[in-house]
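Positions are given from 1, in the same order as the sequence printed here.
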Amino acid sequence: MQETLSDTAEAFFQSLMPGQVGLTLFQALPEVSFWVKDIQGKFLYVNQSFLTGTMFTAEGDVLGKSDLDLFPPELAAVFRNDDMNVTTTGEAVWNKRELVFNGKGGVEWRATSKVPLKDTEGKVVGSAGISRPLGHTEGCPVPSQHREMSAIVGAIYKCLDRDLRVAEIAEAANTSVSTLERTFKEHMGTTPKKFITQAKISTACERLINTKLSVKEVSASVGFADNASFTRSFKRLMGQSPTEYRSAYKA
């Protein structure tokens with residue numbers, strides 16, 4: 001039987017020393033984030049573009065952590081659910097639109113693709129993925145309702161230092177509270193009120209880790225009227241008090 005081009009290519013790649021093609025090339029792709037995770041969702045490799053979308057600057061700060069360690073709970077849950085679908089079914093996800101942080105204090109819609117990774121025996125042992133920003137004119141444009149949602153979420157994160165009410169967000173978005181509720185449920189899988197609280201707590205987590213602000217000062221910086229309500233909300237979402245969280249993370 002005549003050897004096909006695919007057979008020739010396969011034989012060529014099998015003859016190469018491992019590691020020559022692949023991971024390092026992803027460092028040369030600006031704005032394209034690339035990562036590899038194990039079956040538990042822990043990061044094993046990320047490129048520089050991925051790091052610019054998080055609060056970390058070194059690869060070593062990310063490796064071994066999960067999405068919940070790096071992103072707000074409402075977004076981390078979506079990422080983890082997709083990972084589990086990929087590793088459980090063994091089927092890839094291509095160009096899924098999702099909302100992520102852009103490393104500039106805002107959020108943006110990106111096209112994300114994920115594939116399962118198998119060991120030499122064919123068992124799924126992890127996943128790999130890439131995400132790229134969605135423009136308005138390129139191959140996978142962002143629909144207007146997605147851009148509006150991105151603007152709303154970005155505005156919320158810019159107003160976390162005060163008491164932010166759902167009615168105020170709806171008015172600013174020129175929509176009704178009920179419509180805003182449906183929009184958040186569709187795109188974020190939660191309610192606006194819960195999203196605001198989660199956004200405040202996730203921002204507080206970052207400040208507890210990366211600043212020397214007292215717990216009371218962190219509480220005030222994310223718009224809580226008193227430290228007691230902040231501690232209750234924090235413990236409900238994170239499973240421990242702000243002080244315990246800071247101590248555990250540093251340890």
Side-chain angles (χ1 to χ4, degrees), residues 4-54 56 58-103 107-135 138-143 146 149-150 186-189:
T4 66
L5 182 58
S6 61
D7 292 332
T8 302
E10 183 177 356
F12 172 79
F13 285 116
Q14 288 180 346
S15 70
L16 292 177
M17 180 184 298
Q20 294 184 84
V21 179
L23 299 183
T24 54
L25 288 176
F26 281 97
Q27 299 291 1
L29 295 175
E31 297 188 319
V32 177
S33 297
F34 172 74
W35 63 89
V36 176
K37 297 177 183 176
D38 64 16
I39 198 70
Q40 283 81 35
K42 303 289 187 179
F43 287 95
L44 301 177
Y45 178 87
V46 297
N47 69 347
Q48 185 59 44
S49 180
F50 178 96
L51 290 175
T52 59
T54 69
F56 300 101
E59 186 183 55
D61 295 329
V62 173
L63 301 186
K65 293 182 172 65
S66 68
D67 288 309
L68 193 58
D69 298 314
L70 307 180
F71 304 107
E74 71 279 357
L75 298 183
V78 174
F79 301 157
R80 179 58 181 153
N81 185 61
D82 286 344
D83 290 343
M84 292 180 67
N85 285 337
V86 168
T87 56
T88 301
T89 65
E91 297 180 359
V93 172
W94 299 108
N95 291 318
K96 177 189 175 184
R97 295 187 183 97
E98 60 184 10
L99 195 64
V100 301
F101 287 91
N102 60 16
V107 290
E108 64 183 3
W109 288 94
R110 298 175 71 94
T112 298
S113 299
K114 298 181 179 181
V115 297
L117 298 177
K118 301 178 180 180
D119 62 15
T120 55
E121 297 179 353
K123 179 183 177 181
V124 176
V125 293
S127 63
I130 63 170
S131 74
R132 60 184 178 84
L134 286 171
E138 48 107 5
C140 191
V142 183
H146 285 60
M149 188 65 195
S150 178
E186 177 185 355
H187 294 294
M188 306 301 294

Notebook entry, point to check: Hey, what do you get for NZ (Lys114) to CG (Asp83), rounding to the nearest 0.5 Å?
Noted result: 3.5 Å

Check: When rounded to the nearest 0.5 angstrom, what distance separates CH2 in Trp35 from OG in Ser127?
Finding: 8.5 Å

Check: What is the distance from atom CG of Asp82 to atom OG1 of Thr112, rounded to the nearest 0.5 Å?
Finding: 8.0 Å

Mind listing the side-chain donor-acceptor pairs of residues 116-125 below 3.5 Å, one per line with the distance, residues two or more places apart or on another chain?
from	atom 1	to	atom 2	distance (Å)
Asp119	OD1	Glu121	N	2.9
Asp119	OD1	Gly122	N	3.1
Asp119	OD1	Lys123	N	2.9

Item checked: Min side-chain heavy-atom separation Val115-Trp94 under 4.5 Å -> yes

Item checked: Sequence-distant partners of Ser49, side-chain hydrogen bond (donor to acceptor under 3.5 Å, both in side chains), two or more places apart -> none

Margin query: So, taking the atom named OG1 in Thr88 and the one named CD1 in Ile39, what distance separates them when rounded to the nearest 0.5 Å?
Written below: 7.0 Å

Note to self: Checking the side chain of Asp61 only, and the main-chain atoms of Leu51 only, is there a donor and an acceptor separated by less than 3.5 Å?
What the structure shows: no

Note to self: Less than 4.5 Å apart, side chain to side chain, heavy atoms only: is that true for Phe50 and Val62?
What the structure shows: yes

Notebook entry, point to check: Is there a side-chain contact between Lys37 and Val86, using heavy atoms and a 4.5 Å cut-off?
Noted result: no

Notebook entry, point to check: How long is the gap from CZ on Arg80 to CG on Asn85, to the nearest 0.5 Å?
Noted result: 10.0 Å

Checklist line | Contact summary for Ser66 and Lys42, nearest pair of heavy atoms | finding: N-CD, 4.2 Å

Next item on the list: Apply side-chain hydrogen bond (donor to acceptor under 3.5 Å, both in side chains) to Gln27 and list each qualifying residue two or more places apart in sequence or on a separate chain.
Entry: Tyr45

Check: Under 3.5 Å, side chain of Thr87 to main-chain N/O of Gly126, donor-acceptor pair present?
Finding: no

Next item on the list: Please assess Phe43 against Asp67 for the test side chain to side chain contact (heavy atoms under 4.5 Å, CB included), listing each intermediate value before the final yes or no.
Entry: CA-CA 8 Å; Phe43 287 95; Asp67 288 309; 3.2 Å; yes

